[in-house]
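Note on naming: letters A, B, ... go to the chains in the order of the sequence lines (proteins, then strands), and numbering restarts at 1 for each one.
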Amino acid sequence: MAAPPNLPPPDKLLEMAEQYLKELEKGPWPSHVAEMRKTGYPLHVYGVGLVARKSPWGPSAVKAKRLTGVLARIARDWVPKGGEEVHFRVFHTPGRFLPTSYLRGIIKVAREYGIGLVEVVGQTGAMVINVKSKEVGDAMIEALRQVGTDVGGSGDAIRELNTCVGPALCEFALYDTLKWFTEFRKDKKIHDAIAVPGFPYKFKIKFSGCPMDCGRANRADLGFIGTWKGAPEVDQELLRKKIEAGEADPNDLVSKCAGGAISWDAEKKELKIDGSRCKKCMYCIRKAYPAIKPGKERRVAVLVGGGSKGRYGPKLGWFVGYLKPDEVQKGIELVFKVIEPWDKEAQAKVRIGDYILMTGLYQFIEKAGIQLEDTPKLVEKLPDNVPYRVLPEEERKKYAQFAEELRRAVGI
Amino acid sequence: MSAIQLNIPNELDKFLPDIVKRNYGKWKERKFHGPGIIEHISETGERVFTVKAALPPNARVSVDTLEKFADIADKLGVGALRITIAGNVEFITDSLDKALKIKEELEKLGFPVGGWGGALWGINTCTAFLTCQIAVIDAPSIGKALGDALKPYFTGEEKLPAKLRVFISGCPSGCAGGTAIDIAIVGMWGAPPKIREEVLPLCMPPPKALAKIPESQVFLVQVCPTGALTLRREGEKIKLVLVGEKCINCGRCKDNCDAFDYDPKDVGAAILIGGKMANTGVGPRLARVLIPWIPANPPRYEEIVAVVKKVIDVWKTHGKPGERLADFVERIGWAKFVELVGAPKMAAQYLWWPDAARTYLTYRARGEVIFKGFRDAP
């Protein structure tokens with residue numbers, strides 16, 4: 001980008017940049033500037049950007065033995081003293097648990113080959129580590145591999161997978177998100193698709209244990225959200241105890257139920273939930289766990305086509321069916337089923353959600369060959385302009401038999 | 001190992017702390033011990049305490065600080081910590097005393113502890129001017145300014161009706177996490193981009209090829225969703241033209257070519273309200289534009305902070321307990337909410353709630369029909 005108009009002379013600019021940066025170090029919230037001062041990050045470039053109100057970075061490239069996960073920027077020519085910034089996207093651990101031994105390994109690499117700055121979680125879910133210069137890139141990748149992780153997940157490939165904490169620290173997890181996450185990563189095809197970019201645009205896969213969606217799976221290109229069928233289970237005895245202890249309020253449960261499915265029998269002291277009206281909003285479960293538990297018939301809802309970037313802007317995913325909590329392999333197969341028509345037909349820089357908007361959901365489901373439990377089907381419209389016809393005898397017999405059966409069943 | 005073969009950390013056993021491994025999937029209850037400390041009780045009778053602290057905007061941490069975190073986790077925790085997607089850090093320990101000590105140590109280091117229940121849960125920002133070349137405004141400094149103003153809501157000194165999260169994206173690409181969140185602040189170009197003719201040839205096919213191929217095959221023309229970018233041919237001369245009225249400032253051209261430039265004096269931020277991801281209440285939904293443009297003045301961004309504080313005040317005074325911002329707006333109605341905030345009258349296009357298309361502005365692209373309503377089909 002060109003230099004913004006009315007930019008002060010270089011000395012004045014750097015001085016103003018420093019003032020802006022000092023201002024950002026004040027205040028009770030932790031400051032990114034204070035953190036970056038402890039590292040080798042070219043802070044003056046950032047400061048100049050703030051003064052100029054324009055991003056100070058321009059595109060650059062770095063030579064490393066990686067196809068994805070490597071990004072480089074160089075300061076624009078109007079930034080005094082210049083500077084460069086190279087960063088690598090590093091895979092996070094399952095559930096983003098960092099044992100200190102592993103963390104210290106990362107710290108050592110970031111110190112030795114990097115500038116000592118780590119973005120502990122980027123918005124893709126990966127960790128981002130800045131590299132000292134373009135030359136040490138390969139050495140750092142080697143060192144990271146010794147620690148037990150690697151660089152990857154940028155560009156038009158499958159990005160770093162994302163998951164909520166799941167059964168590791170949460171009682172609401174309805175399927176084993178962390179196991180699904182690791183199984184997906186171990187799969188050879190997905191592994192290759194992370195390493196090599198080859199799709200029209202990025203593809204994100206996310207896992208959430210329950211409908212509260214902490215993993216933000218509804219926003220992913222392919223999201224897996226744990227849910228159940230029918231009504232939540234109610235342990236009446238335990239619930240009565242909870243109500244007596246004042247931990248739960250039945251009237252509150254009834255009034256806040258999103259689907260209006262809950263009714264409270266004050267005489268019998270029983271809570272009833274109508275499964276057909278339950279919207280799986282988790283309110284009663286959160287308020288009265290474990291007296292009210294999710295139903296036993298667990299499922300994983302599959303959503304396709306969410307995302308914030310793309311031709312038609314932000315959108316949430318579309319439901320395309322249920323998987324069972326142990327059908328990990330089917331989930332992995334589904335990834336490539338979903339990708340195939342999009343990869344074949346979509347233009348460059350069109351995300352799968354935009355592609356679905358263009359083709360239509362039912363056509364997309366047909367093209368991808370998605371056949372899951374409860375996959376939405378377009379009900380064919382009946383030809384209402386020809387309501388009657390002459391029926392052959394066997395068909396008439398069929399209907400007569402049906403009427404007879406019905407008569408017997410009803411008891412007339 | 002060959003260079004292309006990735007070495008991804010996959011083994012669950014290796015990365016989960018022992019106490020979590022023993023109680024994996026056996027949790028039955030949770031309790032809160034003041035802001036930022038949560039206790040998980042397992043069927044086996046073991047208890048795990050988690051302490052949550054905020055990290056700087058964009059989760060940028062120096063290795064010195066990370067080392068201090070590791071020391072705390074070794075000394076007082078179970079030798080592991082956890083990073084959340086909201087850009088917070090969680091320390092895991094096995095007794096309340098240790099948890100309180102961790103809280104003390106973290107506050108000494110300058111990292112506020114809090115963020116569960118009716119509180120601010122975290123502020124996500126994209127990298128913007130720290131690394132990004134297409135950012136319009138700087139998100140981390142807005143995150144810092146907002147964090148300073150909203151810290152009492154994080155640490156629990158001031159209560160909120162329900163969970164609140166804030167996303168700040170430097171441009172409409174929405175890298176901070178889209179707009180499905182309570183309060184989203186998105187950088188806006190303000191005016192249509194300017195084309196820098198001297199850079200443009202780098203993004204276009206060579207002139208001889210360009211003269212032969214149809215307009216629809218040119219990548220930059222394809223990328224524009226509204227057809228604001230067109231090719232004009234006048235005899236031998238070919239020119240890329242931008243129709244300002246059709247431009248919706250989506251930034252897709254800038255994503256793909258460096259030749260598109262903007263004037264810093266037009267730049268501002270849009271503020272979007274009332275999205276969420278959880279299925280609670282009224283269900284997941286995208287946020288809606290409350291303010292299409294306000295100035296973004298570094299380094300303290302007083303205007304943005306004022307609007308966010310006003311929105312929170314309205315929600316706090318009128319919202320029922322346990323009601324998230326999206327549910328609150330749904331209950332009282334959008335018009336009433338705008339009136340309570342006192343925002344200026346909006347252009348008609350912002351009042352239409354698009355089901356699937358852009359939340360910033362609505363439009364229909366050339367020759368493309370968006371079939372709405374299939375979300376509700378059987």
Side-chain angles (χ1 to χ4, degrees), chain A residues 1-2 4 20 23-24 27-30 32 35 38-39 46 49-50 53-55 57 59 65 73 85 91 93-94 96-100 103 107 110-111 116 119-121 123 145 148-150 152 167-168 171 182 185-186 195 211-213 216 218-219 281 290 308-309 311-315 361, chain B residues 3 6-10 12 15-16 20 24-25 27-28 56-57 59-64 66-67 70 73-74 79-83 110-111 129 131 133 135 140-141 144 147-148 151 173-175 177-180 223 225 261 264 277-280 284 286 298-299 356-359 370-371 374:
Chain A
M1 282 182 286
Y20 275 51
E23 191 61 41
L24 285 173
W29 197 257
H32 56 297
E35 286 296 322
K38 299 176 196 164
T39 67
Y46 177 57
L50 283 178
R53 301 191 185 190
K54 212 165 195 187
S55 176
W57 298 107
K65 284 184 201 148
R73 311 271 188 246
E85 197 268 354
F91 294 108
T93 57
R96 294 191 210 85
F97 279 98
L98 296 172
T100 45
L103 182 61
I107 292 171
R111 230 184 225 142
E119 186 184 338
V120 280
V121 57
Q123 293 311 321
R145 296 177 70 138
T149 184
D150 213 322
E171 65 268 35
T182 47
R185 268 175 163 186
K186 277 176 193 164
M212 282 193 282
D213 205 0
R216 304 185 74 71
N218 207 335
R219 214 190 67 220
C281 80
S308 66
K309 214 169 176 173
R311 196 178 175 91
Y312 296 123
K315 53 193 108 41
L361 182 65
Chain B
L6 300 180
N7 181 16
I8 303 181
N10 272 339
L12 258 184
F15 293 109
L16 294 186
V20 170
Y24 191 80
W27 305 106
K28 62 166 191 181
R60 295 242 157 194
V61 187
S62 67
V63 283
D64 298 351
L66 270 183
E67 209 154 48
D74 273 339
L81 49 88
R82 202 178 93 77
I83 310 291
F111 294 95
F129 291 4
T131 53
Q133 43 176 338
S141 51
K144 166 75 176 142
D148 285 342
K151 191 202 161 231
S173 296
C175 292
T179 62
V223 142
D261 205 349
M277 203 100 264
N279 200 21
T280 53
L286 296 168
R358 281 197 184 279
T359 32
I370 298 172
F371 175 49
F374 49 44

Item to check | Pairs of heavy atoms under 4.5 Å with chain B: top-ranked of A:T182, A:T39, A:T149 | outcome: A:T149

Checklist entry - Does the side chain of B:P140 come within less than 4.5 Å of A:Y46's, by heavy atoms? => result yes

Item to check | Chi angles and distances behind the side chain to side chain contact (heavy atoms under 4.5 Å, CB included) call for B:L286, A:R219 | outcome: CA-CA 10 Å; B:L286 296 168; A:R219 214 190 67 220; over 6 Å; no

Next on the checklist: On a heavy-atom basis, which atom in B:F111 and which in A:E35 lie closest, and how many Å separate them?
Outcome noted: CZ-OE2, 3.6 Å

Checklist entry - Is any side-chain heavy atom of A:R111 closer than 4.5 Å to a side-chain heavy atom of B:D64? => result yes

Checklist outcome for this item: Scanning both residues in full, the closest heavy-atom pair of A:G27 with B:K144 reads O-NZ, 3.6 Å

Item to check | Flag, side chain of A:K309 to backbone of B:C175, donor-acceptor distance under 3.5 Å | outcome: no

Checklist outcome for this item: Bottom line for A:I107: the part with an atom under 4.5 Å from chain B's heavy atoms is both

Checklist entry - Highest number of heavy-atom pairs under 4.5 Å with chain B: which of A:P94, A:P99, A:G49? => result A:P99

Checklist entry - To the nearest 0.5 Å, what is the distance between CZ (A:F97) and CZ (B:R82)? => result 5.5 Å

Item to check | Options B:Q133, B:E67, B:R60, ranked by heavy-atom pairs under 4.5 Å with chain A, top entry | outcome: B:Q133

Next on the checklist: For the interface with chain A, which of B:L16, B:T131, B:V223 has the highest count of heavy-atom pairs at distances below 4.5 Å?
Outcome noted: B:T131

Checklist entry - Checking A:R185 against chain B: side chain, backbone, both or neither under 4.5 Å from a heavy atom? => result both

Checklist outcome for this item: Assert top hit (heavy-atom pairs under 4.5 Å, partner chain A, pool B:A180, B:P284, B:S141) equals B:S141

Checklist entry - chain A: which of B:I83, B:T280, B:V20 shares the most heavy-atom pairs with it under 4.5 Å? => result B:I83

Checklist outcome for this item: Heavy-atom closest pair (A:C281 atom, B:N279 atom, distance to 0.1 Å) is CB-O, 3.2 Å

Checklist entry - Yes or no on side chain to side chain contact (heavy atoms under 4.5 Å, CB included) for A:V120 and B:L66, after CA distance, side-chain angles and deciding distance? => result CA-CA 9 Å; A:V120 280; B:L66 270 183; 3.9 Å; yes

Checklist outcome for this item: Interatomic distance, CD@A:E171 vs NZ@B:K28, rounded to 0.5 Å, equals 11.0 Å

Item to check | Residue, of B:A73, B:G178, B:P264, that accumulates the most heavy atom pairs under 4.5 Å with chain A | outcome: B:P264

Next on the checklist: If you count heavy-atom pairs within less than 4.5 Å of chain B, which of A:P28, A:G152, A:P4, A:P290 leads?
Outcome noted: A:P28

Checklist entry - Are the side chain of B:D148 and the backbone of A:W29 linked by a donor-acceptor contact shorter than 3.5 Å? => result yes

Checklist entry - For B:S173 and A:S308, which heavy atoms make the closest approach, and how far apart are they? => result O-OG, 3.4 Å

Checklist entry - Given that the side chain runs from C-beta out, which part of A:E85 has a heavy atom under 4.5 Å from chain B: side chain, backbone, both or neither? => result side chain

Item to check | Considering all heavy atoms, the nearest A:R145-B:N7 contact | outcome: O-ND2, 2.9 Å

Checklist entry - Roughly how far apart are B:D74 CG and A:L103 CG, rounded to 0.5 Å? => result 9.5 Å

Checklist entry - How close do B:F129 and A:L50 get, heavy atom to heavy atom, and via which atoms? => result CD2-N, 4.0 Å

